[in-house]
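Note that the coordinates shown come from a computational prediction; the quantities given were computed from them, not determined experimentally. Values reported hereafter were calculated over all heavy atoms of this structure, with side chains retained and with hydrogens, waters and symmetry mates removed.
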Amino acid sequence: MYTPHPDRYADMPYRRTGRSGLKLPALSLGLWHNFGPDRPVDVQRAILRRAFDLGVTHFDLANNYGPPPGAAESALGDALRADFSHHRDELIVSTKAGYLMWPGPYGEWGSRKYLLSSLDQSLGRMGLEYVDIFYSHRPDPETPLEETMGALHSAVQQGKALYVGVSNYSAEQTREAARILADLGTPLLIHQPRYSMLDRRPEDEGLLDALDELQVGSIAYSPLEQGLLTGRYLNGIPDDSRAASDSPFLSADTVTEDLVGRLRTLDEIAKCRGQSLAQLALAWVLRRGRVTSALVGASSPRQLEDSVEAIGNLDFTEDELARIDAVAKA
């Protein structure tokens with residue numbers, strides 16, 4: 001029988017999400033990788049337990065996380081029933097719909113039929129009556145945005161989601177989504193963009209500015225850039241790394257000599273701060289409070305613990321930020 005740590009809320013900072021009443025932990029656990037039948041169940045359960053013990057109260061999923069699609073939600077459902085049945089009200093569980101889940105014209109994108117059908121399936125896999133946040137995972141170029149946002153609004157009206165969000169939307173699309181939702185009476189809570197020291201698009205394309213204007217929260221995915229911003233690639237490509245596999249998310253061609261040199265320089269900056277490269281990368285995303293939460297994955301409890309240690313030093317000098325920019329934006 002799992003008993004959570006009594007001091008689990010002592011150290012983790014919680015940040016208000018936009019202008020809502022919801023607070024998220026500075027670090028949230030993403031179940032994009034490492035939660036499926038190819039991973040030992042006891043390791044998955046140990047990661048979730050350790051996360052909660054450390055104050056990581058937010059578990060983030062999508063319908064297609066696995067592999068296979070749906071596996072991560074099923075794995076979380078098993079863990080919720082086994083370990084967290086008495087702690088549901090202490091957890092934030094989110095899921096998304098937008099990518100391919102089943103064959104035919106109704107199995108992906110942003111139609112009302114797909115989004116609400118997918119949410120029902122997600123709730124079934126997780127054994128939940130509702131999720132805390134339901135996202136449109138990507139904009140649909142063919143479905144009117146009014147229909148997609150209307151489906152999110154319906155999920156709230158039906159009691160199947162408490163809040164709604166979008167992911168991978170541009171600044172302009174986010175502004176329009178927020179306007180439509182406001183007219184319907186369901187505020188846009190949060191945006192989930194890809195954002196890291198090496199991927200500045202939310203800054204460069206005005207998304208962070210739009211979120212500030214709209215008073216919408218943000219939660220950054222891939223803050224470690226699929227593992228590049230860890231110590232794994234400081235000497236090239238390890239044989240057991242993601243870049244050495246057939247992963248669609250990181251190819252060996254990405255890990256150039258120039259990039260390895262830049263990673264080594266960033267690692268030196270991290271050491272001067274008393275941090276690992278991964279901790280530096282997470283602290284950078286969370287700097288100045290502009291991002292509500294950073295999503296981290298974990299293949300072991302120890303890896304998660306290392307990430308959480310980043311919250312011990314979230315302050316940067318202007319000189320440190322300038323040095324990081326000079327390397328990361330090169």
Partners of Thr17 by side chain to side chain contact (heavy atoms under 4.5 Å, CB included), sequence neighbours excluded?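 For Thr17 the side chain to side chain contact (heavy atoms under 4.5 Å, CB included) partners, ignoring immediate neighbours, are Ser20, Leu22, Leu24, Leu189, Ile190, Thr292.
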Within 6.0 angstrom of Tyr106 OH, more than 12 heavy atoms from elsewhere: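 12 or below, so no.
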Is the number of heavy atoms from other residues, nucleotides or ligands within 6.0 Å of CD (Glu213) greater than 12?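 For Glu213, atom CD is crowded (more than 12 foreign heavy atoms under 6.0 Å).
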What closest approach, in Å, do Leu31 and Leu29 show between heavy atoms, and which atom pair accounts for it?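 Heavy-atom minimum between the residues: CD1-O, 3.7 Å.
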With sequence neighbours excluded, tell me which residues meet salt bridge (charged side-chain N to carboxylate O under 4.0 Å, His left out) with [X].
{"X": "Arg302", "answer": "Glu305, Glu309"}
{"X": "Glu318", "answer": "Arg288"}
{"X": "Asp89", "answer": "none"}
{"X": "Asp267", "answer": "Lys271"}

Does the gap between the ring centers of Phe52 and Phe84 come in under 6.0 Å?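 That pair passes the under 6.0 Å test.
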Do the side chain of Thr148 and the main chain of Leu145 share a donor and acceptor less than 3.5 angstrom apart?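 No; zero donor-acceptor contacts below 3.5 Å.
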Are the side chain of Glu147 and the backbone N or O of Arg112 linked by a donor-acceptor pair below 3.5 Å?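 Pair found, side chain donor or acceptor close to backbone of Arg112.
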Among pairs that include at least one residue of residues 160-218, which meet ring-ring contact (aromatic ring centres under 6.0 Å, His included), considering only residues two or more places apart or in two chains?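 The answer is Tyr195-Trp284.
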Among Leu188, Val166, Thr186, find the residue that satisfies the side chain to side chain contact (heavy atoms under 4.5 Å, CB included) test when tested with Met149.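 Exactly one pass, corresponding to Val166.
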Are Leu152 and Val156 connected in a single hydrophobic cluster, I mean Ile/Leu/Val/Met/Phe/Trp/Tyr linked by side-chain heavy atoms less than 4.5 Å apart?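 Looking at the clustering, Leu152 is in the same group as Val156.
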In one Ile/Leu/Val/Met/Phe/Trp/Tyr side-chain cluster, 4.5 Å: Met101, Trp109: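 Met101 does not cluster with Trp109.
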